[in-house]
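Worksheet: one structure, shown below.
Counting convention: from 1, in listed order, for ligands and their atoms alike.
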Amino acid sequence: MTAPFVAANWKMHLTVAEAVGLAKGMRDGLAALTGATRVVCPPFTALAAVAAAFEGSGVGVGAQNMHPEASGAFTGEVSGAMVRDLCAYVIVGHSERRQLFGETDDFINRKVHAALGLGLTPIFCLGETLEQREAGRAAAVCREQLRRGLDGLDPDAVARVAVAYEPVWAIGTGRAATPDIAQEAMGGLRRELGELADAAADSMPLLYGGSVNPDNIASFVAEADIDGALVGGASLRADQFVAIAAAVAQAGAAS
Ligand code: PEP
């Protein structure tokens, strides 16, 4: 493990007051874990308040989405420039955006370019559905999403992306991938990234996401190509997310 990294995705949960309460509940625990990059992604409405709650703690804040255009007639959307006012990270390509909101590889690629152009770090998500896995197409699907999502970036730009492998069948289901399955997929992604980012691929953060919890995180980060996790449900509990982050930091220190 070369780049311990853990991120919380609070999805469409929490009012501003609730989000600040949760941030305060995890602030001290996360602040102590200096060996890992720690990022919390609240809903847009709570970004400013959560950023303020984490100020001075070393914990980064991220948005869960952004529009690729800088501004314009896109009612209800939020641009990267708006996001950058408030935080340094942004999740792009989450399977819920792909599946529920029809986001294509091309649209996600435009977001990645826009985010990097603004100095934001994209947490770029990809992963196969159960149907694709059962058809033996998992590796090909992930490769395609990676290649198309990062298309047109030079190696230095690719190296500034955090990649999250999130098999769709494992997200929010309580049915995590096995560490073997995740390692196989993520080893393949690391090899692909070697072609896109040259030697820098070795130190890029590769995150596993999908029903991570305090009991299973150690088995994931023990794998060679798993540097940390993107955490949904368990990140809504301060004690659970701090425990997951501690395991990520500990695995990083041991490697
Ligand atoms: C996610 O939404 O990115 C995620 C991994 O969710 P969960 O941890 O709940 O499976």
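Residues Trp10 and Val40 form a side-chain contact, since some pair of their non-hydrogen atoms from C-beta on lies under 4.5 Å apart.
With hydrogens and angles ignored, the 3.5 Å screen pairs a side-chain donor or acceptor of Tyr208 with a backbone N or O of Gly210. Using a distance-only test at 3.5 Å, with no hydrogens or angles considered, a donor-acceptor pair links the side chain of Arg38 to the main chain of Leu30. Side-chain N or O atoms of Arg27 include none that pairs as donor or acceptor with a backbone N or O of Val59 at under 3.5 Å. No donor-acceptor pair closer than 3.5 Å links the side chain of Thr121 to the backbone N or O of Tyr89.
In summary, of the residues considered (Gln64, His94, Lys11), a side-chain contact (heavy atoms from CB on, under 4.5 Å) with Cys41 occurs for Gln64 alone.
Counting protein heavy atoms only, atom 9 (O) of ligand 1 is closest to Gly233 N, 2.8 Å. Protein heavy atom in closest approach to atom 3 (O) of ligand 1: Glu166 OE2, 2.7 Å. The shortest contact between atom 1 (C) of ligand 1 and any protein heavy atom is with His94 NE2, 3.3 Å.
For the pair Cys125 and ligand 1, no heavy-atom separation below 4.0 Å is found.
More than 12 heavy atoms of other shown residues, nucleotides or ligands fall within 6.0 angstrom of atom CD in Gln132.
For ligand 1, the atoms sitting less than 4.0 Å from at least one non-hydrogen atom of Lys11 are 1 (C), 2 (O), 6 (O), numbered in the order shown with element in parentheses. Annotation for ligand 1: atoms under 4.0 Å from non-hydrogen atoms of Ala170 are 10 (O). Each of the atoms 5 (C), 10 (O) of ligand 1 lies under 4.0 Å from some heavy atom of Gly210. With ligand atoms numbered from 1 in the order given, ligand 1 contributes 7 (P), 8 (O), 10 (O) to contacts under 4.0 Å with heavy atoms of Ser211. Residue-ligand proximity, Leu230 to ligand 1, at heavy-atom distances under 4.0 Å covers atoms 3 (O), 5 (C).
No part of Ser235 comes within 4.0 Å of ligand 1, judged by heavy-atom distances. Contacts of Asn9 with ligand 1, taken as heavy-atom pairs under 4.0 Å, involve the side chain alone.
Across Gly172, Ala229, Gly232, heavy-atom proximity to atom 10 (O) of ligand 1 is greatest for Gly172.
A donor atom on one side chain and an acceptor atom on the other are found under 3.5 Å apart for Trp169 and Glu128.
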